[in-house]
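Note on naming: letters A, B, ... go to the chains in the order of the sequence lines (proteins, then strands), and numbering restarts at 1 for each one.
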Amino acid sequence: MTPTITARKTHEEDRGATAAALLSWYDRHHRRLPWRLPPREVRNGASPDPYRVWLSEIMLQQTTVSAVKPYFERIMARWPTVEALANADADDVMKAWAGLGYYSRARNLKKCAETVMDRHGGAFPDTEEELKRLPGIGDYTAAAIAAISFGRPAAVVDGNVERVIARLHAIETPLPAAKAEIRHIVQRLVPEDRPGDFAQAMMDLGATICTPRSPSCILCPVRDSCAARALSAPERFPVKAPKAEKPSRQGAAFVAVRPDGAVMLRRRPEKGLLGGMSEVPTSSWTARRDGASGTDAAPFPAEWKSRGTITHVFTHFALTLSVYRADVEHRPAPAGHWWSKPADLDGEALPTVMRKVIEAAIPGATKARRTSKK
DNA sequence: AACACGTGGGC
DNA sequence: TGCCCAAGTGT
């Protein structure tokens, strides 16, 4: 037996052992989640409904499981099928998504459902390539749906998988440059028989054991083949590129209140930050030092009273808004605006930053949409 | 390739 | 408190 053959065989056995250890761990320790089918059922030939898988994967993009759960339940209950969602009112979808963040996901969700109905006869395509052509579905989501719902041996790489692989191989290349290398490693690891369970096993491992800080290596099913553990430095991986500085912006927000408590709202443009969501009138949000606060930008002349400031941190900048309130008589809303009565306010497509503004102006006006942490 | 795009929780 | 992070995608 030549050294070459010996090395190759050992290598393949290692790979198989890694996947097997992970799947065995997953059988015992998998998380039970509303959108998931238990591994045993999957092996008995059941496959999770692609609609549920797709909806959950879109919601889970950059979003925690605990935040997603209640939204997933509500949206599934209201629109149980792609067809129902395709026929939904787009604004109702935005309202249902309000508070979850990354609102382009909600816009694309609706478009994607329509495309599945119009161009795929109401059935999600079953290949990565076709899935990726749908709005809102990128590399990760296409691979996840293909693997989980259709049993395809796709390389599912999310933040969890990146961390697990970077540690397993002690990859020194910083993210995101290391992505291609990680994807290749995962592709070689995927077992033909249980690709969906394998993907979810990797993600569960990353979420519960191989965590960003203080990983529980002692409980890890693949600790013996982990290079980062051998280095006694699991937390050093993945190496990440330094992040850009976060600038500040400021502006003014105007809460007009009628005698019946109704608040004047308007719709933001479809594209860009908080696209398609609702808001109270505001000035433009500009870099600090140019005096964007003050009532110059008020929607109409009135006795605008200061209600202090709120701050809200977005992904790429921190916003400070000076909040003003004016109590006004009944009057028609300006073009493009409407009055929202207290009973309707909670149902509006208001992003969290706007709920903060309204709360500052009218304490108790908005019911917290907090998802109970669990 | 780099940046825009939300929010809330953990430490 | 402030920073990091969470099942990424579109441009």
Side-chain angles (χ1 to χ4, degrees), chain A residues 31 33-36 52-72 94 97-109 111-112 131-145 147-148 154 156-164 174-177 179-180 183 186 196 199-208 210-214 235 238 240-249 268-277 279 311-319 349-356 368-374:
Chain A
R31 289 180 292 174
L33 300 170
W35 43 85
R36 217 131 93 161
R52 289 176 75 86
V53 173
W54 164 71
L55 177 61
S56 68
E57 293 299 347
I58 300 296
M59 299 186 107
L60 286 161
Q61 290 168 4
Q62 297 289 285
T63 308
T64 57
V65 165
S66 65
V68 165
K69 274 182 182 170
Y71 283 85
F72 176 82
M94 299 310 287
W97 201 276
L100 238 206
Y102 285 134
Y103 299 102
S104 67
R105 293 185 294 175
R107 285 177 263 137
N108 285 333
L109 192 77
K111 281 186 215 151
C112 183
L131 286 162
K132 264 185 70 169
R133 293 202 199 105
L134 295 167
I137 298 184
D139 288 338
Y140 161 76
T141 305
I145 297 172
I148 297 169
V156 177
V157 181
D158 73 334
N160 288 304
V161 177
E162 286 174 356
R163 186 170 57 255
V164 170
L175 284 170
K179 267 202 147 208
R183 188 157 39 241
V186 173
Q200 292 173 101
M202 291 280 281
M203 294 191 281
D204 276 17
L205 188 73
T208 64
C210 194
T211 49
R213 281 158 309 191
S214 306
E235 283 182 283
K240 294 199 172 181
K243 25 204 138 277
E245 209 174 301
K246 189 168 289 190
S248 295
R249 295 184 199 172
R268 291 178 63 84
E270 278 304 304
K271 298 212 177 267
L273 186 71
L274 308 175
M277 300 295 284
E279 66 174 3
T311 65
H312 189 76
V313 181
F314 293 100
T315 310
H316 52 299
F317 69 94
L319 177 67
L350 289 168
T352 296
V353 61
M354 285 301 147
R355 290 180 190 270
K356 287 187 187 175
R369 240 181 209 244
R370 277 288 136 65
T371 60
S372 64
K373 224 321 208 171
K374 193 171 159 225

Do the side chain of [X] and the base of [N] come within less than 3.5 angstrom through a donor-acceptor pair of N or O atoms?
{"X": "T63(A)", "N": "dG6(B)", "answer": "yes"}
{"X": "T315(A)", "N": "dG6(B)", "answer": "yes"}
{"X": "Y102(A)", "N": "dG6(B)", "answer": "yes"}

Taking the side chain as C-beta and beyond, is there a heavy-atom pair between [X] and [Y] under 4.5 Å?
{"X": "Q62(A)", "Y": "T315(A)", "answer": "no"}
{"X": "R52(A)", "Y": "R36(A)", "answer": "no"}
{"X": "Q61(A)", "Y": "Y102(A)", "answer": "no"}

Between [X] and [N], does any side-chain N or O lie under 4.0 Å from OP1 or OP2?
{"X": "K179(A)", "N": "dG8(C)", "result": "no"}
{"X": "Q61(A)", "N": "dG8(C)", "result": "no"}
{"X": "H316(A)", "N": "dC5(B)", "result": "yes"}
{"X": "H312(A)", "N": "dT7(B)", "result": "yes"}

Review point. Of R249(A) and K356(A), whose nearest nucleotide on DNA chain B comes first from the 5' end?
Key: R249(A)
Review point. Does G101(A) or A244(A) map to a spot on DNA chain B nearer the 5' end, using the closest nucleotide for each?
Key: A244(A)
Point to revise | Sub-6.0 Å ring centroid separation between F314(A) and H316(A) | key: no
Euclidean distance, atom [atom1] of residue [X] to atom [atom2] of [N] [Å, nearest integer]:
{"X": "R105(A)", "N": "dA4(B)", "atom1": "CZ", "atom2": "P", "value": "19 Å"}
{"X": "F314(A)", "N": "dC5(C)", "atom1": "CZ", "atom2": "C1'", "value": "18 Å"}
{"X": "Q62(A)", "N": "dT7(B)", "atom1": "CD", "atom2": "C1'", "value": "11 Å"}
{"X": "L350(A)", "N": "dT7(B)", "atom1": "CG", "atom2": "C1'", "value": "15 Å"}
{"X": "L131(A)", "N": "dG10(C)", "atom1": "CG", "atom2": "C1'", "value": "17 Å"}
{"X": "K243(A)", "N": "dA6(C)", "atom1": "NZ", "atom2": "P", "value": "10 Å"}

Quick one: which of [options] gets closest to the side chain of [X]?
{"X": "P351(A)", "options": "dC5(C), dG6(B), dT7(B)", "result": "dT7(B)"}
{"X": "Y103(A)", "options": "dG6(B), dA4(B), dT9(C)", "result": "dG6(B)"}
{"X": "R213(A)", "options": "dA6(C), dG6(B), dG10(B)", "result": "dG10(B)"}
{"X": "T352(A)", "options": "dG8(B), dG8(C), dC5(B)", "result": "dG8(B)"}
{"X": "R163(A)", "options": "dA6(C), dC5(C), dG10(C)", "result": "dA6(C)"}
{"X": "N108(A)", "options": "dG8(C), dG10(C), dC5(C)", "result": "dG10(C)"}
{"X": "L273(A)", "options": "dC5(B), dC4(C), dA6(C)", "result": "dC5(B)"}

May I ask you to say what [X] touches in the nucleic acid, namely base, sugar-phosphate or nothing, with a heavy-atom cut-off under 4.0 Å?
{"X": "V353(A)", "answer": "sugar-phosphate"}
{"X": "P135(A)", "answer": "sugar-phosphate"}
{"X": "K246(A)", "answer": "nothing"}
{"X": "G206(A)", "answer": "nothing"}
{"X": "R31(A)", "answer": "base"}
{"X": "L33(A)", "answer": "base"}
{"X": "L274(A)", "answer": "sugar-phosphate"}
{"X": "T141(A)", "answer": "sugar-phosphate"}

Revision key, fill the gap. Note: for S56(A) and L134(A) on DNA chain C, the residue whose nearest nucleotide lies more 5' is S56(A)
Study note, to complete from the structure: Note: R31(A) and M203(A) closest approach over all heavy atoms is NH2-O, 4.2 Å
**Study point:** Least distance between heavy atoms, W35(A) atom then V65(A) atom
**Key:** CH2-CG1, 4.2 Å
Practice item. For nucleotides dT11(C) and dG6(B), find the distance between their P atoms and express it as a whole number of Å. Key: 14 Å
Check your understanding: Expressed as a whole number of Å, how far does the P atom of dA6(C) sit from that of dC5(B)?
Key -> 22 Å
**Study point:** Flag, side chain of K132(A) to backbone of D139(A), donor-acceptor distance under 3.5 Å
**Key:** no
